[in-house]
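Below is one structure; the comments refer to it alone.
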Amino acid sequence: MARDIKLGWEVEALNKAYRQGYMAASMGMEKAHCPYRGEVVIAAWEAGWDDADQVAREKRAVQDNDLFSRLA
């Protein structure tokens with residue numbers, strides 16, 4: 001497993017944190033409830049959360065736009 005010797009974190013741990021952040025946002029969990037400690041892992045979790053939140057906002061915008069087009 002890849003490991004950054006200087007910083008002491010493993011790439012797989014960051015990937016896992018990202019995936020968990022993505023899932024947390026997908027399920028409606030608030031960003032403030034990140035379960036991790038340590039700046040790098042928190043940043044990975046938040047990146048996943050942000051990406052899922054962006055996808056959800058884009059889906060809502062498309063759905064809202066589609067609803068308005070059907071009403072017109």
Side-chain angles (χ1 to χ4, degrees):
M1 191 175 300
R3 183 176 173 89
D4 186 316
I5 302 300
K6 297 179 297 190
L7 298 176
W9 47 260
E10 294 181 357
V11 172
E12 187 54 40
L14 298 179
N15 287 334
K16 180 180 178 182
Y18 175 91
R19 290 189 309 268
Q20 289 180 340
Y22 194 100
M23 185 180 298
S26 297
M27 295 180 351
M29 184 175 168
E30 292 187 27
K31 190 174 184 179
H33 291 112
C34 176
Y36 289 100
R37 301 294 175 257
E39 291 180 26
V40 175
V41 181
I42 289 172
W45 189 91
E46 288 178 341
W49 194 98
D50 289 339
D51 287 351
D53 185 58
Q54 179 66 32
V55 168
R57 282 188 275 131
E58 289 172 0
K59 283 183 180 178
R60 282 192 300 272
V62 168
Q63 289 171 346
D64 290 346
N65 192 20
D66 186 45
L67 175 64
F68 291 129
S69 68
R70 282 187 268 152
L71 292 175

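One is the number of the first residue; the rest follow in order along the sequence.
- Listed by chain and residue number, Asp50 satisfy the salt bridge (Lys or Arg N to Asp or Glu O under 4.0 Å) test with Lys31 (two or more places apart in sequence, or in another chain).
- Here side-chain hydrogen bond (donor to acceptor under 3.5 Å, both in side chains) pairs that include residues 35-45, with residues two or more places apart or in two chains, are Gln20-Tyr36.
- In this structure, Trp49 contributes its side chain and Ser26 its backbone to no donor-acceptor pair below 3.5 Å.
- Note that OH of Tyr22 and CD of Gln54 are 10.5 Å apart. Values are rounded to the nearest 0.5 Å.
- Residues satisfying the salt bridge (Lys or Arg N to Asp or Glu O under 4.0 Å) test with Arg57, not counting sequence neighbours, are Asp53.
- In terms of hydrophobic clustering, with Ile, Leu, Val, Met, Phe, Trp and Tyr side chains grouped at heavy-atom distances under 4.5 Å, Met29 and Val55 are assigned to different clusters.
- Hydrophobic clustering (side-chain heavy atoms under 4.5 Å, transitive across Ile, Leu, Val, Met, Phe, Trp, Tyr) keeps Met23 apart from Tyr18.
- Closest non-hydrogen pair, Ile42 versus Cys34, comes out as CG1-SG, 4.1 Å.
- With respect to Arg19 and Glu12, a salt bridge is recorded, a charged nitrogen being found less than 4.0 Å from a carboxylate O.
- Judged as a side-chain hydrogen bond (donor to acceptor under 3.5 Å, both in side chains), and not counting sequence neighbours, Glu30 has no contacts.
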